[in-house]
Amino acid sequence: MFSSSQEEHCAPSKDPVKYGELVVLGYNGSLPNGDRGRRKSRFALYKRTKANGVKPSSMHIHNTPQESKAVSSKGLHSISYTLSRHQTVVVEYSHDNDTDMFQIGRSTESPIDFVVTDTISGGQEGEENPITQSTISRFACRVVCERNPPYTARIFAAGFDSSKNIFLGEKAAKWKNPDGHMDGLTTNGVLVMHPKGGFTEESKPGVWREISVCGDVYTLRETRSAQTPGKLVENESNILLDGSLVDLCGATLLWRTAEGLFHAPTQKHLEALRQEINAARPQCPVGLNTLAFPSMNRTRALTSLEDKQPWVYLACGHVHGYHNWGHRSEQGPHTQRECPMCRVVGPYVLLCLGSEPAFYVDTGAPTHAFVPCGHVCSEKSVRYWSEIPLPHGTHAFHAACPFCATQLTLTQGWSKLIFQGPVD
């Protein structure tokens, strides 16, 4: 849970200024076991009652561990760069009245505002599918927001620990810049991708970059944890834009600005679209029974074999009720079935409405499904996400469903749904 100080700083006031929201890809509206305290699927960043930002103030070179300890005991924020056993550069930070700082990471210690754990493909929670060794840093990154308009949000690698320190050991990638200030990278890095054209139906994927501890932008390292940094990209910044993606090597976060969310569909809008589909009384073309999508809050509790729920043959898009015939082969996690309408063979899966509004790039009707998971959303949203290469593991990239993090099929990332209307 939040400490009292965090509640005081993060709780919305009467007319709160909202900077934006961070939404974890792979969850359909909430964590499978429910959101709890600082561990949830989305985190809203509000203007704090009192600024807690910090800015670099002075740099010291220490030749003994005792000198470095003396700095950390002063109660100031600091970043320590260990150059060798006998030399550490400590950069002290002072209070900044003009910014608010929010920290993200795997640690549940009080300096972390938003606790993020490894996303399990398929929308399952890590507690039920334990990760033996998480690749997300305990203090992964920090987002710093300007308290005055236009409330610019910037991202930095690494977060301050309970001792208000960021410690880059001997093996961490670190260097001194031409202007004399120190900088470095975290072990597995913080990657950012800004979509071209913002987060709209016209957007195209941008280029993945790595963000340094001081917020500079670099090309990707040869491998995720290589000790040699990429090249400095001078004409790009660490400012988060609507639709920016932040990858923490184990979980990917979507940044939505307050303005972007204002134009996004709401839960009420998605519910109205669901009711509109059901009002058209789509039918199973074989069983002739009426199909219906369950309400958003009932979706997770339902079993997949309820007779009203729509299923789809992903290869062709024909929507049916559940039936147990047409098996052709077992291939991967999905049984290959033959569609009784057109005889095309492919996966046959349960359809599930995408109920996280932040992942929609428009307010269009849910007419398309991701392949192979069966999550349903608007055509422009499936087209957008099927083109976004998301980091996977330490070196791979692939497109994935934003609602469950399932890797999309390379040849067919989505399918247009074909509903049959009532025959009466």
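Residues: numbered from 1 along the sequence shown. None of these values were measured; they are calculated from a predicted model.
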Contacts of type side chain to side chain contact (heavy atoms under 4.5 Å, CB included), residue Ala272, not counting sequence neighbours: none

Do Leu291 and Lys308 come close enough that some side-chain heavy atom pair is under 4.5 Å? no

Keeping the roles fixed (side chain from Asn52, backbone from Met101), state whether a donor-acceptor pair exists under 3.5 Å. yes

Flag the pair Phe102 / Phe114 as yes when their ring centroid distance falls below 6.0 Å, and as no otherwise. no

For Cys377, the option from Phe370, Phe359, Tyr384 that meets side chain to side chain contact (heavy atoms under 4.5 Å, CB included): Phe370

Pairwise side-chain contact, Tyr313 with Val345, heavy-atom cut-off 4.5 Å (strictly under): no

Establish, from distance only, whether the side-chain atoms of Asp35 and Ser30 form a donor-acceptor pair under 3.5 Å. no

Are Arg274 and Glu271 close enough for a salt bridge, meaning some N to O gap below 4.0 Å? yes

According to salt bridge (Lys or Arg N to Asp or Glu O under 4.0 Å), who are the partners of Asp183, at least two apart in sequence or on a separate chain? none

Using the rule given for side chain to side chain contact (heavy atoms under 4.5 Å, CB included), can you reason through Phe403 versus Glu356, listing the C-alpha separation, both sets of side-chain angles and the distance that settles it, and then say yes or no? CA-CA 7 Å; Phe403 302 105; Glu356 174 48 74; 4.1 Å; yes

Ser355 to Gln267 - nearest heavy-atom pair and separation: O-NE2, 3.0 Å

What's the separation between atom CZ in Arg281 and atom CD in Gln420, rounded to the nearest 0.5 Å? 12.0 Å

Closest non-hydrogen atom pair, Ser415 against Cys316: OG-C, 4.3 Å

Against Asp113, only a single residue in Arg142, Arg48, Arg38 fulfils salt bridge (charged side-chain N to carboxylate O under 4.0 Å, His left out); can you say which? Arg48

Mind jotting down which residue pairs meet the side chain to side chain donor-acceptor pair (under 3.5 Å) criterion with at least one end in residues 230-239? Sequence neighbours excluded, please. Arg209-Glu236

Does Thr119 reach the side chain of Tyr27, with side-chain heavy atoms less than 4.5 Å apart? yes

Ser107 and Val115: which non-hydrogen atoms are nearest, and at how many Å? O-CG2, 3.5 Å

Is there a donor-acceptor contact under 3.5 Å from the side chain of Gln103 to the main chain of Phe139? no

If you count the non-hydrogen atoms of other residues, nucleotides and ligands that lie under 6.0 Å from CD in Glu276, is the total more than 12? no

Validation row: Thr252, Val24 side chains within 4.5 angstrom (heavy atoms): no

Side chain to side chain contact (heavy atoms under 4.5 Å, CB included) test vs Cys373 passes for just one of Val349, Thr406, Thr409, Leu350, namely Thr406

Tell me the salt bridge (Lys or Arg N to Asp or Glu O under 4.0 Å) pairs involving residues 411-422, sequence neighbours left out? none

Side chain to side chain contact (heavy atoms under 4.5 Å, CB included), that's the test. Do Leu351 and Leu417 meet it? Break it down for me. CA-CA 10 Å; Leu351 288 175; Leu417 302 178; 4.0 Å; yes

Where the side chain of Tyr360 meets the backbone of Gly354, is there a donor-acceptor pair that is under 3.5 Å apart? yes

Applying side chain to side chain contact (heavy atoms under 4.5 Å, CB included), run through Cys145 and Leu45 and close with a yes or a no. CA-CA 9 Å; Cys145 301; Leu45 286 70; 4.2 Å; yes

Is there a donor-acceptor pair under 3.5 Å between the side chain of Asn188 and the backbone N or O of Thr135? yes

Val207 backbone acceptor or donor facing Lys196 side chain under 3.5 Å: no

Set of residues satisfying salt bridge (Lys or Arg N to Asp or Glu O under 4.0 Å) with respect to Lys55, sequence neighbours excluded: none

Any donor-acceptor pair under 3.5 Å from Lys204 side chain to Gly197 backbone: no

Check whether any side-chain heavy atom of Glu146 lies under 4.5 Å from a side-chain heavy atom of Tyr151, and answer yes or no. no

Could you check whether atom CD of Gln227 has more than 12 heavy atoms from other residues, nucleotides or ligands sitting under 6.0 Å from it? yes

Rounded to the nearest 0.5 Å, how far apart are NE2 of His320 and SG of Cys284? 6.0 Å

Do the side chain of His318 and the main chain of Cys339 share a donor and acceptor less than 3.5 angstrom apart? no

To the nearest 0.5 angstrom, please state how far the CG atom of Asp247 sits from the CD atom of Glu210. 10.5 Å

Kindly give the heavy-atom pair with the smallest separation between Pro391 and Arg224, and that separation in Å. CB-NH1, 3.9 Å

Lys174 side chain to Ala172 backbone, donor-acceptor under 3.5 Å: yes

Distance col, row Leu76:CG vs Ser57:OG, nearest 0.5 angstrom, shows 7.0 Å

Distance-only, no hydrogens or angles: does the Ser80 side chain make a donor-acceptor pair with backbone N or O of Val90 under 3.5 Å? no

For a quick test of reading the model, state the closest non-hydrogen atom pair linking Cys214 to His181 and the distance between them. SG-CD2, 4.2 Å

Between Tyr348 and His323 (side chain of the first, backbone of the second, donor and acceptor by atom type, cut-off under 3.5 Å), is there such a pair? yes

With heavy-atom distances below 4.5 Å as the criterion, would you say the side chains of Pro347 and Val371 are in contact? no

Kindly indicate whether the side chain of Cys404, heavy atoms from C-beta on, has any atom under 4.5 Å from the side chain of His375. yes

Are any non-hydrogen side-chain atoms of Pro366 and Ile277 less than 4.5 angstrom apart? yes

Does Val213 form a side chain to side chain contact (heavy atoms under 4.5 Å, CB included) with Tyr81? I'd like the steps, not just the answer. CA-CA 11 Å; Val213 171; Tyr81 301 87; 4.2 Å; yes

For Arg383, the side chain to side chain contact (heavy atoms under 4.5 Å, CB included) test, sequence neighbours excluded, returns Glu379, Trp414

Against Arg106, only a single residue in Leu248, Ile136, Val116 fulfils side chain to side chain contact (heavy atoms under 4.5 Å, CB included); can you say which? Ile136

So how far is it from Leu25 CG to Ser41 OG, rounded to the nearest 0.5 Å? 11.0 Å

Grab the two heavy atoms, one from Arg221 and one from Gly230, that are nearest each other, plus how far apart they are. CG-N, 4.0 Å

Nearest 0.5 Å please: distance from the CG atom of Leu254 over to the CD atom of Glu21. 10.0 Å

